[in-house]
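First up is the structure itself, then whatever we jot down about it.
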Amino acid sequence: MIKISCQEQLLPGESLQAKWDFAARAGYDGIELRAKGDFAFRDRLPELRQAARDGVPMPSVCVDMLHFIGAFDADLRRDAIAQLRSQLSVIAEVGGSVACTPASYGMFSRRLPPFEPPRTPDADRAVLLAALTDLGAHAASLGVTLVLEPLNRYEDHMVNRLDEAVSLVDEAGPRGLRVLADTYHMNIEEDEPTSALVKAADHLGHVQVSDSNRFQPGTGHIDWGALLGTLDAIGYDGHLAVECRLRGEPTAAVAAIPGFLRRWS
């Protein structure tokens, strides 16, 4: 049976323990955490340790910062790397295995003026490779994985498709590194999502799910039968982490997602 986790901000409850009580009843298998910058995730360690002792499964963490490893400014890049190193250490300590990051988010799009970024494609690749090499080594030393997430062309100009992420991971050295498939971004960027998953199968380390409109699965036009069937066929055994906006009454919407996904799996 597929494993489904839910990002913490979508779950009702004032504590991780309360969120997990709801999530478990709804059929989830874990909570995906969110990690803000300024070492806010490290500062949550007492809370996270207690949640782990209380049996809350926290298999992954998704970065939630204002700048990322592909920032144009060198100081911002260094900070993003330091934040991610810390987040990898924290998720390892509380029993998780995956930390997620894009190359950037909202920094630049070739689809909007001025259209040409202030850095060449070769320079883009060089800064990403430097960051991934550092972070992959740190992740491997902890026994966890950093996954690189392609975003759509309107949110990032550097890594938009799974094959682009795979190329970077291969060149950086796949030790401690894999790629993340997000169904919303794939719906925009991949020629055919299931074929892209098959080609990236050996590098796939995490999957985030929402529908074609960024709302919860079942509200858009993604072919969930084909997508989940492909994940099963390629032997993906990680979590499907729900990352979406919600249409309808929020609590009911979140509660319905595991049942919907398992009907197609």
Side-chain angles (χ1 to χ4, degrees), residues 5 7-8 30-49 51-52 57-105 107 123-151 156 158-159 162 164-182 200 202-208 237-239 241 243:
S5 56
Q7 289 196 346
E8 60 179 307
I31 295 177
E32 178 159 279
L33 302 169
R34 297 287 294 234
K36 296 186 181 298
D38 296 325
F39 297 99
F41 194 55
R42 181 190 63 193
D43 293 343
R44 290 181 64 186
L45 258 173
E47 169 202 3
L48 299 176
R49 287 173 180 143
M58 298 169 284
S60 56
V61 57
C62 181
V63 67
D64 184 17
M65 301 193 304
L66 297 178
H67 53 268
F68 299 86
I69 60 173
F72 294 132
D73 181 86
D75 288 337
L76 295 180
R77 290 198 302 275
R78 280 191 288 270
D79 180 70
I81 292 169
Q83 299 292 330
L84 279 168
R85 286 176 66 92
S86 175
Q87 291 169 22
L88 286 161
S89 296
V90 171
I91 200 66
E93 181 170 341
V94 299
S97 60
V98 172
C100 317
T101 188
S104 72
Y105 167 75
M107 185 175 79
D124 282 343
R125 188 173 184 87
V127 300
L128 293 178
L129 287 171
L132 291 170
T133 300
D134 179 312
L135 291 164
H138 184 62
S141 74
L142 298 166
V144 296
T145 303
L146 179 76
V147 291
L148 178 63
E149 178 181 11
L151 302 186
D156 175 38
M158 292 179 283
V159 185
L162 290 180
E164 294 171 334
V166 166
S167 174
L168 284 161
V169 165
D170 273 345
E171 188 169 347
R175 185 168 169 263
L177 297 172
R178 301 191 86 183
V179 301
L180 186 161
D182 182 300
D202 290 343
H203 295 78
L204 189 61
H206 195 53
V207 176
Q208 290 178 333
D237 60 359
H239 281 76
E243 180 189 49

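Predicted model only: the values in this text are computed from it and were never measured.
- If you check the side chains of R125 and S167, you find a donor sitting under 3.5 Å from an acceptor.
- Taking every heavy atom of both residues into account, K36 and Q83 meet most closely at O-OE1, 4.4 Å.
- The two residues V98 and I91 come nearest to each other via the heavy atoms O-CG1, 4.0 Å.
- Rounded to the nearest 0.5 angstrom, L33 CG and S60 OG are separated by 7.0 Å.
- With contacts defined as side-chain heavy-atom distances shorter than 4.5 Å, the pair H206/R178 does not qualify.
- The residue from L76, V63, L128, D79 that alone fulfils the side chain to side chain contact (heavy atoms under 4.5 Å, CB included) condition with F68 is V63.
- Put simply, CG on L177 and CD on E171 are 12.0 Å apart, with the number rounded to the nearest 0.5 Å.
- L45 CG: more than 12 foreign heavy atoms inside a 6.0 Å radius.
- Not a single donor-acceptor pair under 3.5 Å links the side chain of T133 to the backbone N or O of A130.
- The CZ atom of R78 sits 4.5 Å away from the CG atom of D75 when rounded to the nearest 0.5 Å.
- Without hydrogens or angle criteria, R77 side chain to A71 main chain gives a donor-acceptor distance under 3.5 Å.
- From C62, atom SG reaches atom CD of Q208 across 4.5 Å, with rounding to the nearest 0.5 Å.
- Residue L168 comes nearest to L129 through the heavy atom pair O-CD2, 3.5 Å, listed as atom of the first residue, atom of the second, then distance.
- To the nearest 0.5 angstrom, F41 atom CZ is 11.0 Å from L84 atom CG.
- Summarising the geometry of P150 relative to L180, their closest heavy-atom pair is CD-O, 3.1 Å, with the distance given to 0.1 Å.
- Note that CE of M107 and NE2 of H67 are 11.5 Å apart. Values are rounded to the nearest 0.5 Å.
- Residues V159 and P102 form no side-chain contact, since every pair of their non-hydrogen atoms from C-beta on lies 4.5 Å or further apart.
- Residues passing the salt bridge (Lys or Arg N to Asp or Glu O under 4.0 Å) test with R85, sequence neighbours excluded: D134.
- The number of heavy-atom neighbours closer than 6.0 Å to CG of D43, taken from other residues, nucleotides and ligands shown, is above 12.
- Between S5 and P59 the shortest heavy-atom distance is CB-CG, 4.5 Å.
- Between L148 and A103, the shortest heavy-atom distance links the atoms CD1-N, 3.9 Å.
- The ring-ring contact (aromatic ring centres under 6.0 Å, His included) check on F39 picks up nothing, with sequence neighbours excluded.
- Looking only at side-chain heavy atoms (C-beta outward), E149 and V147 stay at 4.5 Å or farther from each other.
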Steps toward salt bridge (charged side-chain N to carboxylate O under 4.0 Å, His left out) verdict (R34, E243) = CA-CA 11 Å; R34 297 287 294 234; E243 180 189 49; 3.6 Å; yes

